[in-house]
Structure formats: structure tokens, C-alpha cells
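Each remark here refers to the structure printed beneath this line.
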Amino acid sequence: MARTISYREAVNEALAQEMARDERVIVMGEDNSGGTGAPGEDDAWGGALGVTKGLHTRFPDRVLDTPISESAFVGAAIGAATRGMRPVAELMFIDFMGVCFDQIYNQAAKFRYMFGGKAVTPVVIRTMYGAGLRAAAQHSQALYPMFTHIPGLKVVLPSSPYDAKGLLVQAIRDDDPVIFCEHKAMYDTTGDVPEEAYTIPFGEANVAREGGDATIVAFGRMVTVALEAAAALARDGVECEVIDPRTTSPLDADTILESVENTGRLVVVDEATPRCGMAADIAALAARDAFGSLRAPVQTVTAPHTPVPFADTLEDLYVPDAQAVVNAVKAATGWKR
Amino acid sequence: MARTISYREAVNEALAQEMARDERVIVMGEDNSGGTGAPGEDDAWGGALGVTKGLHTRFPDRVLDTPISESAFVGAAIGAATRGMRPVAELMFIDFMGVCFDQIYNQAAKFRYMFGGKAVTPVVIRTMYGAGLRAAAQHSQALYPMFTHIPGLKVVLPSSPYDAKGLLVQAIRDDDPVIFCEHKAMYDTTGDVPEEAYTIPFGEANVAREGGDATIVAFGRMVTVALEAAAALARDGVECEVIDPRTTSPLDADTILESVENTGRLVVVDEATPRCGMAADIAALAARDAFGSLRAPVQTVTAPHTPVPFADTLEDLYVPDAQAVVNAVKAATGWKR
Amino acid sequence: MAGTVPADIAGAPTSETLLHAYRTMRTIRAFEDRVHEEFATGDIPGFVHLYAGEEASATGVCLHLDDRDTIASTHRGHGHCIAKGVDPVGMMAEIFGRRDGVCHGKGGSMHIADLGKGMLGANGIVGGGPPLICGTALAAKLQRTGGVGVAFFGDGASNQGTTLEALNLAAVWNLPAVFVAENNGYAEATASTWSVAADNIADRADGFGMPGVIVDGFDFFAVHEAAGAAIDRAREGGGPTLIEVKFTRYYGHFEGDQQTYRADEVARARAESDCLERFRARVTGDGGLDAARLDGIDAEIAALIDGAVAKARAGEKPGPADLETDVYIRY
Amino acid sequence: MAGTVPADIAGAPTSETLLHAYRTMRTIRAFEDRVHEEFATGDIPGFVHLYAGEEASATGVCLHLDDRDTIASTHRGHGHCIAKGVDPVGMMAEIFGRRDGVCHGKGGSMHIADLGKGMLGANGIVGGGPPLICGTALAAKLQRTGGVGVAFFGDGASNQGTTLEALNLAAVWNLPAVFVAENNGYAEATASTWSVAADNIADRADGFGMPGVIVDGFDFFAVHEAAGAAIDRAREGGGPTLIEVKFTRYYGHFEGDQQTYRADEVARARAESDCLERFRARVTGDGGLDAARLDGIDAEIAALIDGAVAKARAGEKPGPADLETDVYIRY
Ligand SMILES: Cc1ncc(C[n+]2csc(CCOP(=O)(O)OP(=O)(O)O)c2C)c(N)n1
Ligand SMILES: Cc1ncc(C[n+]2csc(CCOP(=O)(O)OP(=O)(O)O)c2C)c(N)n1
Ligand SMILES: [Mg+2]
Ligand SMILES: [Mg+2]
């Protein structure tokens, strides 16, 4: 039975249902309960934006607050995963990866390969990314392209409440290390979500809209922006296929390539900065494996090569919007040799 | 007056000459002298592979050994740079970025923007990258694509002793934070290097070989591999233009695009792993800005999407070689719609 | 305000110093109370962390500093900025995201900085500052300026590896640095008595080869004295000190925090140990300062803050031309 | 070898335990001396860090451990592996980069691991292990297995933020963990007396809310006793302990190190305090063990190592089919 809930509730529900189903699942992070050691309420925060609220009350022994020691507790989640637990560690904002990155890419991501296929490390690292909350340069980054660069990690970017739940359940049940990236500006977005637990497989893109004139590949929150643009373009008679890969690693290259073979035009929309980012990654895929079908330059719509600015006027200019996508599609459809 | 010296000597000479010329230049890192606090010799190591050997003897007060505290001493180099020094910090192996990345991308890279253009942070972080020494998964990575992704950093990949000296002198004199990536398997490579100090500007590619049939863009040690492939191809009458961008950020897009407009074919050779890497970055550039000239799919030659293996047999398969580049060029020149 | 400090400062504060201290603490309090009100109007964007209640720490420390000296701050940085002499008017404009803010609106509350004043910035990264201070202290040492570097950080930050590494490095390099652990009892909603596995943060000093001192953070005089001793030692080549300042914050972790994890600590602190009240009680009467002069300062500051808010609200926001500038010095 | 430990182990070692300890220390010594020789032939690729001289640490600690227990090691990991029961034959093959190595030749000396044995791996990252041990200890605690996690790390690693954070987290979560700081005097060419800004690494324990103990690392009995007490406390829910083991390494930092930074410490240590010699002296004669039995063990081990090298040299190397496997469990 589906009902309408928020992206925040979808994440919370996935965690609660998996904890109820499997006692190996534990949750840890700064103030994931909140109030530990304090005179007032426990479960006082449920994370900085309330996503894990209520879990500690239901599962007091399996929701652990932590000191501000990301290397230690992310490493602890990884270590626990090698010993039969299924930890979900919250790296509050993805911007903080820099204080614990080693444990993620040199330890968790490499154990299986370095140890000759003998390690099993089913850890999930939940983290908030993205601009839009006026949180400035150190609390608004995307950064998931850097996780995507690392062999051994799986990287997930849910673009709706439905995907948030199904992909998180999959992440928790998956036996490989998963970086689960939640867009902080989407927590109040609502959508239909089944009550029961379900999984969405990794590496299977969602074709969010079908169309034959151009292919738009978009990630995370940019899927909404792409759909907005596609709707606007449809009014002008331009039909876009909007593809949401859902996971950047593994990547569903086939769905993207088939669409490009059909439309001949590709626009990639990515909230991350442009250099060595997802837009470049997808553009390169098409230039290599769908070149024969391309009828126009691959267009990329990304943030500029700058830190995220604070002022609302600047941040609004920073994040790609529907108009930018419309312009990119028109540049592709209007292109002539 | 040029003489033949090694890549290692070129780096050492650039440091020595800049330290002699400018007393604001200081060098710090683990065992950059070596022997600090120990009963035997000082300047006992000159870094793990002897690159800074002799500097401490010449400049005892300006070559600092450090504890194994990368966040602290890389951060210290950054802090000192904001106060009029020109520190060159050595992050021994680029693989260790994970224990100090925050100081680099959230602090040094963002100061100028976050602080409204008022910060000046002339710090250089020297680091060794690359496979070939059987150093396995945590001591052989490329990783420079992740630095390239970060706005505010400049990223340098010298491919010869001549470039190593000229680019390092430029890095030290440059007012922005610079990540200077030395390939650990190239230290004994020799070449002609002028005795006097000189600079090579950032963002100006070196056309290492001219040719009209295909453009090969290669980075760092891969430039040698690309030239080897180009020589082999020339014997079959295929003339390749080999472009060494020298810096991935800033990137000399014009030189690459002009070449592709001329040859119509692009092969990118990168030692890094493929996802969100330099190969994808350059392929995307061409697919966007030189599409009209491309006459074949852009070919990328990279490491596989795996950690770096230990066994020599596997590592030799892991690193792109000339044959792989030859095959890629032939795939491009032989391609038919 | 820093830089204008009387020369005698190392010793017992003169009345001039006391007035300067009071003015600084009052400016911080008025600034924060006003930001709290303005935030409620919805016109201040982003995350804002207020320093109210903690004024004696930034003030007692920074009174000893001048332009040779540097400080690194935290996400809760307004007080440190003001105490180090950053212009409150430019700060208010920055918090409102205006072009004439101290960072041209690009940084905001979590990134207020004024390098010209030796203020290395608030920091959005917990534990981001201490390593940087090792560097500014190293620069001062190599340049023989006699300058010191002071890192302010919280109880939560005292568990961050970057902070702990910096303590060791400062001692190993014998740097002119002072580490001020501002223990306000909480890291977000987590109690420091739980997250810091030691009775006191200062107990960590010994393991990093430096003296550790604990002071009552509501008592300006205690902070001022402890900081003076540590800073003098640092200037004279005696190496770093860890000072733990204990108090509580008056507002939530950030604006919007419901604070259900708390008891009545704040009410008690405001009533019994408020730094400004205690300061007034001590310096007036027998203390030799005229309460009227302090009231006069209060009035001046109220006007200053009114003006700052008015200017900030009237200020223009940055525009398209500002988006891609200031990333590099040379492109 | 671990897992086969007599039940009485918590108390004073029985003769059976002593023979087990001797066998373990001898195996490590013979293994490392031989790797040193083989490396000189040029047939061992990569970076190799030898544990010779430090045998009493890994042995004295791991004698208390069984299959419930986990250890995390360092780049200098051969001794920890052997003491935790990893097969020396498979280890030698791994070091030579052969397919039948414990990691199928994909890891090498710096990444030897055997998770089935609770050995989480040597680690190429200084300070990489302690956070992981917080996790294995947490798992043991939640699963109520009575297991403990032991993190071995060096004096250099004691300055790495990851290690320091782990100490605090283990205490905050009251984990069944033991942190063994192997202070061999150097981090590469840097003296620990300089890089560790405290008289002892163990002095850091207090600041992280746990007991700190210092032991003579050449004395098996001292290590065994201290480790036993710490591990018992951990198993009983008493929380973590920091044990500093002091000794020196017999070879260079890595094979090829000229060691010009050193004086004659090694010669002295070998002559005066070698752990195997001291052990023999104590257990034979009045100690009640027959020297001939120990000689017999020496001979067995010499044969074991000969066989391991022969097998490794004869072993096949991994090939193209192995390059891209083992990155993920499900693709
Ligand atoms: C590396 C990092 N981790 C987590 C956060 C999120 N965060 C911001 S402030 C804060 C609490 C800091 O507590 P404390 O150091 O005591 O400073 P206080 O807020 O009490 O002044 C946290 C967890 C962050 N900004 N950076
Ligand atoms: C994060 C990180 N920094 C630096 C290195 C390089 N390195 C390898 S071993 C070593 C010295 C370690 O010293 P210690 O911890 O005392 O261990 P020991 O070698 O003495 O056993 C260093 C600096 C590394 N591997 N990882
Ligand atoms: Mg606090
Ligand atoms: Mg050591």
C-alpha cells in the first residue's frame, strides 16, 4: 500500500524497517539520536536534519551517537561490517569526507581486492550533499564524483522518496560498501512510497520520461530540474528522454547508450563542478560508445568551477536550473555541421 | 647551460634554487631531512625516495621533519602560506590524501573564494603518485583526478626532468595552492635540464610530437607511453600528435581542441582509473567543443576500475602500455560509420 | 578593536583595558542577541551559530593579541571576529549575504574572516582551525615577529583527529601557539561529559607535552589571566599551552535548535554567572569604574548594531559578475 | 596457531604455553630473517618492513586471543599475522606475489590479511587500523561473543589523528579493545623521542579515559602479563587499555634502508636483550624446560620456512583472469 510521504520519511522508514528485519543493522553518527549524556531528552535530534529521528527510541542499543571523530566512527562502521554487522554510518554532510576519506577509499573500498576476494564489508555511509540551503562552501558540495572515481565503492543518488526508500533498503542488503547520497534540499519533497520494504537494484537506470528528440541524463536533484525542462520543451514540440541512472557506480551504460542511439543528442545535467565530474563521465561514455549515433555535440550542464557561494543571489546562479537545461537541449537540437 | 640530470635531481634542484632565492620558501614533510631526534646523521633520508636529500644540510632552519600527522603539517603549510611564507609540503604518497584531504580542498582551495578574494595561499603540496613499483593498492594510485575536480586547486603532472624543474619553480612562485604530482617510477628518468632556474607557465600544453592523423592526449608518465606508441604507429605511416597538458587544472583546452580539429581523432591516455577521471574529462571536452571535427569515437586508455594489484604480472597488466595506445589509435583511424 | 590595546596589558588590566574588555564583550552580546532576532524574521540565510554567553573567552584571550598575532575560529565565530577587531558592520552585512560584507557575501556566518586583522576565519569544519594555527605560529617563529597563533575550538572539536595532531605538532615544533578549548558542554546535542573520554579536555595536554589549564569561562578575569600567561610563554619561545574554558552557550547549537536535550542550565547561567553581569559587579563600585560609563558604552553599542543591521538590510547583494571571480589569483 | 591456546592462558603460562610462545617467536624471527635474505636476491617485489626484534609483542599479546578476537596490524605486519595464526607458507607466497598466497598475490607484504583468522590485515596507511578495531570490538560487544579487538600500531602512528580519535571512541563506547603502541624508537628515520611530544605514548591514555601501561618489549613475560590483564578487563566490559611496548627493530625501516640515522642500538639489543635469548634463558634450567626441545622447535621451523620459500618460488603468479575480479561481490 503506497502513501505519500517525504524523502526524509522514506529514508527513515527504510532504516526502521531494515533494523526491525535484521538485527545486524546498526546506525551510528553525530546526534543520530542526540542528547546522549545530556540532562534532557534522548533522541533529541535524529541527526542534523531529523532524518534518523525516532530510531533510537525504537532501537536504543542499535542507534549510536558518536563523538566528532569521523575517521574513528566511519572506520568503526567498516570494521564492524567485516565482523558480521550491517552498519549504516552517517557522514553528516558529504563535505566532511575530507576528515575520514582514507577509511572509505583505502580501507573499505579495497579490502576485497587487496585480500584476494576474502573480505565482505557490507557498510553503508549515508551522507547529505548539495546546494540550495545557503549553507555556503563547506556545507553545500556534491563531491559524489570523487566517490564514483574509486573502484570498490557503490554510489547511490536517490532522486525521489520512492527511490530513496528502495535504494536504501538495497544498500543495506548489499554486500559491498555503499555511499548513499541524500540531497539535503529534497527532504521535504513528497511522493508515493509503498509501506512495505522493497529494493531497487543498483545499476538499473530509471527512464523518468520518454522522448525521441534528445536524451537528458540527470543525477539526484537534477532529475527534477531535467523533468521541468523536458516539460517546457515538450510545449515547443521537443520530446526529451530523461534518464536517472540512480547509481553512478555501478552505472547503467546500456540504457543511456540505447537512448542516445535513438535520439542522437545527449545533454548531461550534474550539480557537481565540471572537471572530472559525472557530466564529463557520461559525455565520455557517449563519445566513445555511441559516437556513431551522435548528431550534435554532447552538452553538459553543471555548476561552475567555483566553490559554492553563500549569498542567495549567487547560489541561485550556481545551481543548474531548468532554463539552462532547455538552452542546452536547444543547442543540441539546433546544432548544424 | 643544460646538462643531463634525473627527474629526482630536477625536483631537488628546483627546491634548492628557490630556497636560495627566496627565504620565504620552506620545505616540510616526513623525513624530508630524516634523522631528527636520532643519534646518527641528520639529512639521513631526504624523503622516502631521497628527493629532498641535501636540502636540510644547506638550509637547516627551513627543512622541517614532521610527525606522521598529515592533517596537522599540511594544514600548517597552508596556514603559514596565509602569513607570507611559501611552504612546500610533501605528502609522501598521494595515496595518503585521505588523512588530510579536508585541509586541502575545504581550507586551502576555498579560502580565496569564501573570504571574498582577500586570501593569498601560495602553498605547494608535492606528492608521489603512480604504479610500477609493486607498491600495491595503497601506495600506487594516481588520484589526481580528484584534485582536478576541486575548484581552487592547480594540479601539475610533470612528464620529464625538464618539466619537473620548470613547473616546480612555477608552482613555488605561483600565488595559488598547487598540487604537484611526481611519478614515483620516473625519478631515475634523465633528460636535459638548464642549470639556472626557469618557469614553465601553467595551462600551456606541450606538443610533444606533431602529427595529422590522430591526437593523443597523455598525462605524466603516460606521455612517454604515448610517444612510444606514436613512434611505432609512425612506422606504419600513422602520424600522431602527442599533447602533454602538463597541468590538468588549469587545462590548456585550446591546444587540445585545435589539434582535434586538425586530426579529427582523439585518444586520451591516463594512468588513473576510468570513472570521473582525466580521460573522461578530456573526452567530454572534445565531444562538446570539437564534435564537428571528430571523425571517430573518442578512445580512452586508462587503468581498469580496480585497485592497483601487487603481483608484478598483474601490475604490468594494470598500467596502460604502448600497445594499448596503438590499438586505440588504430580503432580510431580504422573506424567507419 | 585589537591593536588598540594598552601596552600594560600583560599585567593586571588598567581601567582603560577594562573598558575595552567591556566594550568588546558587550559588542559581541549585542551583536548575537540581534542576529538571533533578525534570524527569526527569516531574512538571514543559512546556518547561524551564536556565541552569546561565551564572550569572556574570546575577549579575555584576544585582549592580549595585536596585529602580529593570528586566530583561527569555528562555526561559532562571531565573537572571535569581534574580539580580534573585525568590523561588526561588515560582519553583519556578510551574515545577510551582502556585497559589502567582509567577504563580499561569498562566505556568510560560517566563513567570516579578515586576514588583514589576523583573523583566519570562522570554519565550517570542526577541527579545521588548529592545523592552520600551527602554520601561522610557524610563520611568526621563522619571521621572528614575536607573534603567536591562537586556535579556538569546541569540546566536540577536541575529539577530532586534526585538533589532536595539531597539539602534538605544536609541541614537537615548539611553536608560539595557544589552544583554547571552549567547552560549552555540548557538541550539537551531545554532552561533552560523554563525548570527551577524560574528566577535562585540559587533561589531554600532558599527553601532548604541554601544560593544560582550566578556567571558568564566565569569568573574564580568569580567562584573561590564564591566556596572558600562556601567550607570554609562547612569545618567549616557551611553546604551546592548552587552555580549557568551561561555560555554556545561551542559545541553541544553531538557530532553530529546540534544545530538548537541555535542562535549565541557561536560565541558571544567565541568572548566576553571566560574564557581563559579573564583570560589571566587579569593576564598578570598589572596582573603581563608574557604572554610568558602562551604560554609556551599552548605548553606543546598541546604536552601532542598529546601524549595522540597517546598513546590512539596505546593502546590495552580489550579482552574476561575482559568481566566478576570486577562485584563483592567476587563471 | 592462535585458537590452539591452552585454557589456563589467562594465568601464568604453562609449559605448553611457553613452548607455543617460543614456537611463535621463533617462527616470526626465522620468517623475517629469511625474507631479509630473499629480498636481497631481488626476487621479492615492493616495500617490505620486517618485524625481527619485536616478536615478544605480537606473541605476548596474541597468546591471549582466540577466534572470537580480532587484530589490526600495520605495514610491519608479518609478526602479527603469524602470532594470530595466519599460515606462514601462504604468507611467504603472498610476499612473493603468487596466486596461492593468502591474498592470491593481490595484496603483498603490506596487505597480508586473513579475516577468517580475525586478522584484519597489515595496513599501508599509518593509523589505518585503530578505527577498524573500534568496529570489530563494537561487533563483539553487540554480538556478546566476549571477543576483543586489538590494534597494533607504531610510535609514528601514535601521532596520527585516526589513532587518537579511535582511543577516544573506544573509551566513549566502552569497547572491548586494546591498543598496543609498539614503540621501536623510530618512524622511518625519525626518533619517537622527538615526534611524540610526551615522555611516553602511554601518557596519552589518561587524556582518553583509559589506563596506560608501559612494558619492556624484549620481555615476553612482561608483555604477556600486561596484555593478559588488559584483555581480561576488556572481555569483562571494563573498557579499553593503551599498552606501550618499548623495544627496537633489528632491520631498517624497510628493506634497503641504510640506517645512517642510527647508532649501535641494534647490536646492543641483539647482544643484551634479544627476546628469544632472554626467553630461553628464563625457561630453561630452573625454568623447567629442556633446551633440546627448544632446539627441536628451531629445527622444525627452519624446515618450515625453507619449505615456504621453496613453495613460494615455485608458485604460479596470478594472470589476466585475476586482474579485474574481487573488486565487488555483486557487480
Ligand atoms: C568535520 C565536521 N564534522 C561535523 C560537523 C557538524 N557540526 C558542526 S558544529 C558541530 C558541533 C561542534 O561542537 P563543539 O566543537 O563543541 O563546538 P560548539 O558548537 O559547542 O561551539 C558539529 C558536529 C562539522 N561542521 N564538521
Ligand atoms: C598516512 C601515512 N603516512 C605516511 C606513511 C609512510 N610511512 C610508512 S611506515 C612509516 C613510519 C611508521 O612509523 P611507526 O608508526 O613508528 O611504525 P614502524 O615503522 O616503526 O613499525 C611512514 C611514515 C604511510 N604509510 N601512511
Ligand atoms: Mg561545544
Ligand atoms: Mg616506530
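Numbered from 1 within each chain, the chains take letters A, B, ... in sequence-line order. What's counted below: heavy atoms across the whole structure, side chains too, no hydrogens, waters or symmetry copies.
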Validation row: C:Leu142, B:Glu23 side chains within 4.5 angstrom (heavy atoms): no
Below 4.5 Å, heavy atoms only, C-beta onward: do B:Met28 and C:Leu138 meet side chain to side chain? yes
Kindly say whether B:Pro151 contributes a backbone atom to a donor-acceptor pair with the side chain of C:Tyr328 at under 3.5 angstrom? no
Take B:Phe73 and C:Val172 through the side chain to side chain contact (heavy atoms under 4.5 Å, CB included) test and state the conclusion after the steps. CA-CA 11 Å; B:Phe73 78 77; C:Val172 167; over 6 Å; no
Is there side-chain contact between C:Met110 and B:Met114, with heavy atoms separated by less than 4.5 Å? no
Contact origin within B:Phe111 toward chain C - heavy atom pairs under 4.5 Å: side chain
Please flag which part of C:Asp322 lies under 4.5 Å from any non-hydrogen atom of chain B: side chain, backbone, both or neither. backbone
Checking B:Asp175 side chain against C:Arg330 main chain: does a donor-acceptor pair fall under 3.5 Å? no
Inter- and intrachain pairs under ring-ring contact (aromatic ring centres under 6.0 Å, His included), touching residues 139-173 of chain C, at least two apart: C:His80-C:Phe152
According to side chain to side chain donor-acceptor pair (under 3.5 Å), does anything in residues 139-148 of chain C pair up with another residue at least two apart or in another chain? List the pairs. none
Using a heavy-atom distance cut-off of less than 4.5 Å, which residues of residues 71-79 of chain C contact chain B? none
Compare all side-chain heavy atoms of B:Lys118 with those of C:Asp114 and state whether any distance is below 4.5 angstrom. no
To check you understand the geometry: which heavy-atom pair defines the closest contact between C:Leu115 and B:Phe115, and what is its length? CD1-CD1, 3.5 Å
State, with a plain yes or no, whether a side-chain heavy atom of C:Leu169 is found less than 4.5 Å away from one of B:Pro67. yes
Among C:Thr162, C:Leu164, C:Thr163, which one satisfies side-chain contact (heavy atoms from CB on, under 4.5 Å) with B:Ser71? C:Thr162
Results of salt bridge (Lys or Arg N to Asp or Glu O under 4.0 Å) for C:Glu182 - residues two or more places apart only: none
